[in-house]
Amino acid sequence: MLDMKFLRNNFQEVKEKLAHRGEDLSELERFGELDERRRTLISETEMLKAKRNEASKQISALKKEKKDAEPAIKEMREVGAKIKEFDAELKEIEESLKLIMLSIPNIPHESVPIGEDEDDNVLARKWGNLPVFDFDEKSHWDIAAELDILDFERAAKVTGSRFVFYKGIGTRLERALISFMMDLHADEHGYTEMMPPQIVNRGSLTGTGQLPKFAKDVFKLEEWDYFLIPTAEVPVTNFHRDEIFSVEDLPKKYTAYSANFRSEAGSAGRDTRGLIRQHQFNKVELVHFTKPEDSYGTLETLTGDAEKVLQRLNLPYRVMSMCTGDLGFTAAKKYDIEVWIPSQETYREISSCSNFEDFQARRASIRFRREADGKLEFVHTLNGSGLAVGRTVAAILENYQQKDGSVVIPEALRPYMGGKHVIKT
RNA sequence: GGAGGCAUACCCAAGUCUGGCUGAAGGGGUCGGUCUUGAAAACCGAAAGGCGGGUCAAACCGCGCGGGGGUUCGAAUCCCUCUGCCUCCUCCA
C-alpha cells in the first residue's frame, strides 16, 4: 500500500511511474475524488463531535446543579442524528478508498529497467558452465520415471493434475535439499530458522499483498476464512504484523521451510509435465526486516544467499533484473534467479528475490522506533526463495544425468543422502 | 464438544457493579540528576506515548480501553455479536 498523503501530493508523478507497469490504473482515477470527499466529511463530522463534547460537559454540570438540562439534550439529539448520518457516509467512503489503496501496486525503484514483459528483463550476471552431453539428454520426468522416484500418475488419481508423489530415493533427495538449504542459511548466513503455519487468515494475505486482488491464485478452505499459504513469505512476514521494533532489533532475518499451495489460475496448458509447475511444492524461504536505508544493500546479499545454494550444488544459473512490466504487484525491485534446464535449453526461475520497501510494512503495520522518543517509521521487508525445492530436484536430475540413465548426486548433498554418490535403478 | 473466566497504552495494572470533572489513575520502563571508583539499589525531577484531520511546522480538533454493531444528550463502563487467550471436563497425534 502506498502512503495516501504521498499519493495525494505526487499524484501525476506516481501515475507516470505506475504506468510503466502496464497495469490497469482505472482504480487510481477515483482516488482524488474519494480522498477529497473523505476529508470534507471528516472535518464536518469532527466539528459536530467537538460541539457535542462541549454540550455534554454542560449537561453534566447542569444536572449536578439540579438545573433543567432538557433544552440542551433536545438540541444534542439532533446533532447526534447528524453525526450518525455523516459517520455512515464516511465509513462507506473509507471502505471504497481502502479497497483502492489496497489495489494500487508498488512504485518501481529508479534502478528498475523500464519494459513491457519478460523479454525486457535485464541480465545481471551468469554463473557456472552449461553441461555438455555426448548423448541425447532427457527431461527430468523421463529420468524420474526410469529411476521410479516420482509418480505423477498416481498423484493424479489420488488428488488431481499438478500433484506428485515422491518415492524412495526421490523423497530422500527432496528431504536432503530442504535440510541442506536450511543448514546453509541458518549456520552460514545467520538466519533464524522457522517452521510456520501453512494455513493463514485473510489479514495475513492482505498484509503481504496477495489479497484482495489475487484471491484467484490461492486455495481457500471451505467453511473457514482461512487459506493455504502460497509461500512462507506470508506467515513469516506477518509474524511481526502490528508490531513495533526498537532500532537495535533490526535487521531481522528468517529462513523458513514450508509447502506452498497455488491454484495456478491462468496457467492452463503451461508446464503441464514435470515438477516445474505444481499446485503443491516445497520451498525454503528467506525473509528480511530492515531499516529503510539498508534495504537495497540487503536485496543484494539476500540474492547472494540464494545464489549460494546453486553454487554449492554446482548448477549453472543466471540472475535477471525484472523490468517494470514483470515486477509483480508488491515489489519495488526484483531479481529472478534462473537455473539451467538442459532438456528445455533454457533457464527457468528457481528463486525470486524482492525488495518491497514499506509496501507490505504499511499494509501489515510493521514499524520501528529509531530513538526512544522518536517517531514511528515503517520497516522495509524483503524476501526471496532459497530455493524452490522441486525445481531444484528437476535441475539436479537434468544437469547431473548420465548416459546410463543414472544421476550423480552433487557433492555438497552427499552427507545428507547417507553418503550416496549416485541415483540409479 | 461441555462449563467458567479474561481482553485497558511499550509492559504491568486501577476504573466496569452504581454511564458524566478519567481530558484513562498508579507503577515499571525511558530520559536527566543525587549518591558511587564504576554499576546496581535507593531517592529527586522530567518528558513522551497510537491513529486521523489540520499546519511550512506548531497550536488546535476528533478518534482510541480486543474487533464490529446498538442504547443514550453522553459509553472503557449498559446491551448484542464476533475473535483471541486462560482454567476445568471430554476427546485426540
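A note on names: the letters A, B, ... follow the listed sequences, proteins ahead of strands, and every chain is numbered from 1. Side-chain atoms are counted along with the backbone in the values below, which use heavy atoms only and exclude waters and symmetry mates.
- Scanning residues 357-368 of chain A for heavy-atom distances under 4.0 Å to RNA chain B yields A/R367.
- Ring geometry for A/Y254 against A/F289 counts as perpendicular: the plane angle is over 60°, on a 0 to 90° scale with 30° as the lower cut.
- With sequence neighbours excluded, the residues that form a side-chain hydrogen bond (donor to acceptor under 3.5 Å, both in side chains) with A/Q360 are A/E233, A/T381.
- Of the charged side-chain nitrogens involved, at least one lies within less than 4.0 Å of a carboxylate oxygen, so that A/D271 and A/R348 count as a salt-bridged pair.
- When all heavy atoms are compared, the tightest approach of A/P235 to A/P197 is CG-O, 3.6 Å.
- Note on A/K63: a base of the nucleic acid sits closer than 4.0 angstrom, heavy atoms only.
- In the region residues 42-50 of chain A, proximity to RNA chain B at under 4.0 angstrom, judged on heavy atoms, holds for A/I42, A/E46, A/K49, A/A50.
- Taking a pair as Watson-Crick or G-U wobble with both distances under 3.5 Å, RNA chain B forms stems of 3 or more consecutive pairs at B:1-7 with B:83-89, B:10-12 with B:26-28, B:30-34 with B:42-46, B:50-53 with B:60-63, B:66-70 with B:78-82.
- Ion pair A/D249/A/R369 not flagged as a salt bridge, since none of the NZ, NE, NH1 or NH2 atoms sits closer than 4.0 Å to an Asp/Glu carboxylate oxygen.
- Remark: A/F359 engages A/F329 in a ring-ring contact (aromatic ring centres under 6.0 Å, His included) (not counting sequence neighbours).
- The shortest distance between the side-chain N/O atoms of A/N53 and the OP1/OP2 oxygens of B/G62 is below 4.0 Å.
- Proximity of A/R39 to the phosphate of B/G54: a side-chain N or O atom is located under 4.0 Å from OP1 or OP2.
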Revision key, fill the gap. Counting primed atoms, P, OP1 and OP2 as sugar-phosphate and everything else as base, the B/S/- map of nucleotides 65-70 of chain B against protein heavy atoms under 4.0 Å is ----S-
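- To the nearest angstrom, P of B/C11 lies 10 Å from CD of A/E243.
- In this structure, A/R8 reaches the B/G53 phosphate: one of its side-chain N or O atoms is under 4.0 Å from OP1 or OP2.
- A salt bridge does not link A/E153 to A/K157: none of the charged nitrogens lies less than 4.0 Å from a carboxylate oxygen.
- Between A/R77 and B/C73 there is a side-chain polar atom (N or O) within less than 4.0 angstrom of OP1 or OP2.
- Atom C1' of nucleotide B/G54 and atom CZ of A/R38 are separated by 12 Å, given to the nearest angstrom.
- When the nearest nucleotides of RNA chain B are assigned to A/K5 and A/A72 by heavy-atom distance, the more 5′-ward of the two goes with A/K5.
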